[in-house]
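A short worksheet on the structure shown next.
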Amino acid sequence: RRRGLGGRWPVKTLDPALEPRAVLAPLRESVRQLVIVNTTMYQGEWDDFEEDIRRRQAGKPYVFRVDLESREALAWVQGFRAYERASGKRLADGIMTEEAR
């Protein structure tokens, strides 16, 4: 079953006019976790994170195992990368703002 942003993939286009915090707020914790993993394990490089997920899919050595099904994780990684490119904003800033509350 496919539902909207808070549910399963495919990822709807994330609105680049929104602030990172607003983009992340309606998402499941397991999806928001991808932003934290990307920041801590891949230094914010979505391409590296995507490659790691693809290695895992192919049965090759990988750095980190995400809690989502690989195809869903890839969809979110691609959506997050597109949002950051279009908006010029880092989603990790939305996580940091949430934690500061």
Side-chain angles (χ1 to χ4, degrees):
R1 269 182 129 167
R2 296 178 181 183
R3 293 175 268 156
L5 285 178
R8 293 187 51 85
W9 59 284
V11 179
K12 291 181 182 178
T13 301
L14 301 172
D15 186 351
L18 294 175
E19 290 299 315
R21 183 174 167 194
V23 170
L24 296 171
L27 303 180
R28 297 184 326 261
E29 179 61 31
S30 58
V31 173
R32 286 193 305 268
Q33 191 69 27
L34 295 174
V35 176
I36 296 168
V37 169
N38 185 57
T39 301
T40 57
M41 302 291 293
Y42 305 97
Q43 293 75 43
E45 296 294 330
W46 291 110
D47 293 338
D48 293 344
F49 194 0
E50 180 176 352
E51 178 59 30
D52 196 45
I53 295 168
R54 290 189 187 284
R55 281 194 302 265
R56 180 176 155 227
Q57 279 182 317
K60 296 180 180 178
Y62 56 90
V63 175
F64 188 83
R65 183 175 189 275
V66 296
D67 290 336
L68 301 172
E69 189 266 324
S70 293
R71 291 183 305 163
E72 181 182 7
L74 282 173
W76 281 110
V77 164
Q78 291 163 355
F80 289 155
R81 180 178 45 228
Y83 166 83
E84 287 188 351
R85 287 180 180 165
S87 70
K89 300 170 187 159
R90 293 180 48 233
L91 284 163
D93 293 340
I95 297 285
M96 304 310 169
T97 302
E98 264 185 37
E99 290 175 351
R101 287 189 287 149

How many angstroms lie between OG in Ser30 and CD in Glu72, if you round to the nearest 0.5 Å?
-> 6.5 Å

In terms of the angle between their ring planes, are Phe80 and Trp76 parallel, tilted or perpendicular, with boundaries placed at 30° and 60°?
-> tilted

Which pair of non-hydrogen atoms, one from Ala86 and one from Pro16, has the smallest distance, and what is that distance?
-> CB-CB, 3.8 Å

Glu19: what forms a salt bridge (Lys or Arg N to Asp or Glu O under 4.0 Å) with it, not counting sequence neighbours?
-> Lys89

Could you go through the side-chain contact (heavy atoms from CB on, under 4.5 Å) check for Glu84 and Trp46 one step at a time?
-> CA-CA 10 Å; Glu84 287 188 351; Trp46 291 110; 2.8 Å; yes

Across all chains, not counting sequence neighbours, the side-chain contact (heavy atoms from CB on, under 4.5 Å) partners of Glu50 are Arg54, Leu74, Val77, Gln78, Arg81

Salt bridge (Lys or Arg N to Asp or Glu O under 4.0 Å) filter on Arg85, not counting sequence neighbours, yields Asp47

Just wondering, do Arg90 and Pro20 contact through their side chains at under 4.5 Å, heavy atoms?
-> no

Would you give the length of the straight line joining atom CG of Leu24 to atom CG of Leu91, rounded to the nearest 0.5 angstrom?
-> 5.0 Å

Within 6.0 Å of CG in Asp67, more than 12 heavy atoms from elsewhere | no

Kindly say whether Leu27 contributes a backbone atom to a donor-acceptor pair with the side chain of Arg32 at under 3.5 angstrom?
-> yes

Are Tyr83 and Asp15 close enough that some pair of their side-chain heavy atoms sits under 4.5 Å apart?
-> no

Report the C-alpha separation of Val31 and Leu68 in whole Å, then their side-chain angles, then the decisive distance to 0.1 Å, and conclude whether the side-chain contact (heavy atoms from CB on, under 4.5 Å) test is met.
-> CA-CA 8 Å; Val31 173; Leu68 301 172; 4.2 Å; yes

For Asp52, enumerate each residue passing the side-chain contact (heavy atoms from CB on, under 4.5 Å) test, keeping only those at least two apart in sequence or located in another chain.
-> Tyr42, Arg55, Tyr62, Val63, Phe64

Residues 33-40, side-chain donor-acceptor partners within the protein, below 3.5 Å, at least two apart:
| residue | atom | partner | partner atom | Å |
| --- | --- | --- | --- | --- |
| Asn38 | ND2 | Gly44 | O | 3.4 |
| Thr39 | OG1 | Val35 | O | 2.9 |
| Thr40 | OG1 | Ile36 | O | 3.0 |

Which atoms form the tightest heavy-atom contact between Gly79 and Leu14, and what is the distance?
-> O-CD1, 3.7 Å

